[in-house]
Amino acid sequence: MIMEQNMVGWFEIPVSDMDRAKLFYDTVFDIEVQVQDFGGTLMAWFPFAEGKEGASGSLIKNEAYSPSENKGVLVYFASNDVNNEMNRVEAAGGKIVQQKTQISPDIGYMAIFIDSEGNRVALHSRA
């Protein structure tokens, strides 16, 4: 079977405090997520570029979601160099779990941090 698109189309990262999480992700990634209230469910979308590689997603605050630092899915954010974002993690209220580590020469590098809400999140870069 030939895929017409990448398998991942969307992801959601649970948060307990949307204001704190927004500030964390805005600071670490040097972006501005936009928060919307959908009848008590708060969502903050990561920037999305139509026609570009990769999936987009959001932060989400809802009683059905619970942040976790050691279980569940691990989301990898794309980066030019994972050190760019990792250098801002602790100042933004997060915790570094694994510094920049080479996966292999062909695949590149990864790093893992705990966000302001207690979620385990990863980064990937070629350099």
Side-chain angles (χ1 to χ4, degrees):
M1 172 191 271
I2 297 175
M3 297 291 299
E4 302 221 2
Q5 72 253 357
N6 291 318
M7 293 284 295
V8 177
W10 184 259
F11 63 87
E12 295 174 342
I13 298 175
V15 306
S16 300
D17 182 321
M18 184 59 81
D19 292 335
R20 179 178 62 205
K22 175 183 174 14
L23 179 61
F24 177 85
Y25 281 91
D26 286 352
T27 301
V28 169
F29 290 100
D30 194 24
I31 58 172
E32 186 170 340
V33 296
Q34 303 301 313
V35 179
Q36 297 285 321
D37 186 337
F38 293 98
T41 295
L42 294 178
M43 295 183 80
W45 286 281
F46 291 103
F48 178 72
E50 192 69 45
K52 300 287 184 176
E53 289 186 28
S56 190
S58 71
L59 304 174
I60 186 164
K61 182 175 186 231
N62 179 286
E63 63 187 34
Y65 291 77
S66 180
S68 175
E69 71 177 65
N70 56 14
K71 297 179 183 174
V73 175
L74 181 60
V75 174
Y76 279 77
F77 283 91
S79 172
N80 290 326
D81 179 340
V82 300
N83 280 334
N84 294 337
E85 292 80 14
M86 292 300 281
N87 289 336
R88 297 189 288 259
V89 165
E90 291 179 330
K95 181 174 85 174
I96 294 172
V97 174
Q98 183 175 345
Q99 293 284 356
K100 182 177 180 177
T101 304
Q102 186 176 52
I103 302 165
S104 77
D106 293 343
I107 296 172
Y109 299 84
M110 55 87 63
I112 300 174
F113 62 88
I114 305 300
D115 72 8
S116 63
E117 305 308 292
N119 291 299
R120 186 174 58 115
V121 181
L123 294 162
H124 172 262
S125 65
R126 295 282 184 185

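- Between Asn119 and Pro14 the shortest heavy-atom distance is ND2-O, 2.6 Å.
- Taking NZ of Lys100 as the start and NE2 of His124 as the end, the distance is 10.5 Å to the nearest 0.5 Å.
- Criterion: ILVMFWY side-chain heavy atoms under 4.5 Å apart, direct or through other members. Under it, Trp10 and Leu74 are not part of a common hydrophobic cluster.
- In plain terms, the two heavy atoms of Lys22 and Val35 that are nearest each other are CD-CG2, 3.8 Å.
- Met43 is not connected to Val121 by any chain of hydrophobic side-chain contacts under 4.5 Å among Ile, Leu, Val, Met, Phe, Trp and Tyr, and they are in different clusters.
- Residues Ala55 and Val8 share a closest heavy-atom pair of CB-O, 3.3 Å.
- Taking the six-membered ring for Trp and thresholds of 30 and 60 degrees, Phe46 and Tyr25 have ring planes more than 60 degrees apart, a perpendicular arrangement.
- Side chain of Ser104 to backbone of Gln102: no donor-acceptor contact under 3.5 angstrom is found.
- Rounded to the nearest 0.5 Å, atoms CG (Leu123) and CG (Asn84) are 9.5 Å apart.
- In this structure, the side chain of Glu117 engages the main chain of Asp17 through a donor-acceptor pair within 3.5 Å.
- For Arg126 (side chain) and Asp81 (main-chain N/O), no donor-acceptor pair under 3.5 Å exists by modelled atom type.
- Annotation for Ala21 and Ser116: closest pair CA-OG, 3.5 Å, computed over non-hydrogen atoms.
- Annotation: the span from Arg88 atom CZ to Asp26 atom CG amounts to 11.5 Å, rounded to 0.5 Å.
- Within 6.0 Å of NZ on Lys61 lie no more than 12 heavy atoms contributed by other residues, nucleotides or ligands.
- Using a 4.5 Å cut-off between side-chain heavy atoms of Ile, Leu, Val, Met, Phe, Trp and Tyr, with links allowed through other members, Val75 and Phe29 fall into the same hydrophobic cluster.
- The nearest pair of heavy atoms linking Ala64 to Asn62 is N-OD1, 2.8 Å.
- At most 12 non-hydrogen atoms from other residues, nucleotides or ligands lie less than 6.0 angstrom from CD of Glu63.
- Ser125 places no side-chain N or O within donor-acceptor distance of the main-chain N or O of Ser79, the cut-off being under 3.5 Å.
- A distance of 9.5 Å separates CG in Asp37 from CE in Met18, rounded to the nearest 0.5 Å.
- Shown here is Asn80, whose CG atom has no more than 12 heavy atoms of other residues, nucleotides or ligands within 6.0 Å.
- Tracing side-chain contacts under 4.5 Å through hydrophobic residues (I, L, V, M, F, W, Y), one never reaches Ile60 starting from Val73; they form parts of separate clusters.
- For Phe77 and Phe11, the distance between ring centers is under 6.0 angstrom.
- Residues Met86 and Ile31 are members of one and the same hydrophobic cluster, defined by side-chain heavy-atom contacts under 4.5 angstrom among Ile, Leu, Val, Met, Phe, Trp and Tyr.
- For Ala92, the side-chain contact (heavy atoms from CB on, under 4.5 Å) partners are Phe24, Thr27, Val28, not counting sequence neighbours.
- In this structure, CZ on Arg120 lies 12.0 Å from CG on Asp115, to the nearest 0.5 angstrom.
- Nearest heavy-atom pair, Ile96 versus Val89, reported as atom, atom and distance to 0.1 Å: CG1-CG1, 4.2 Å.
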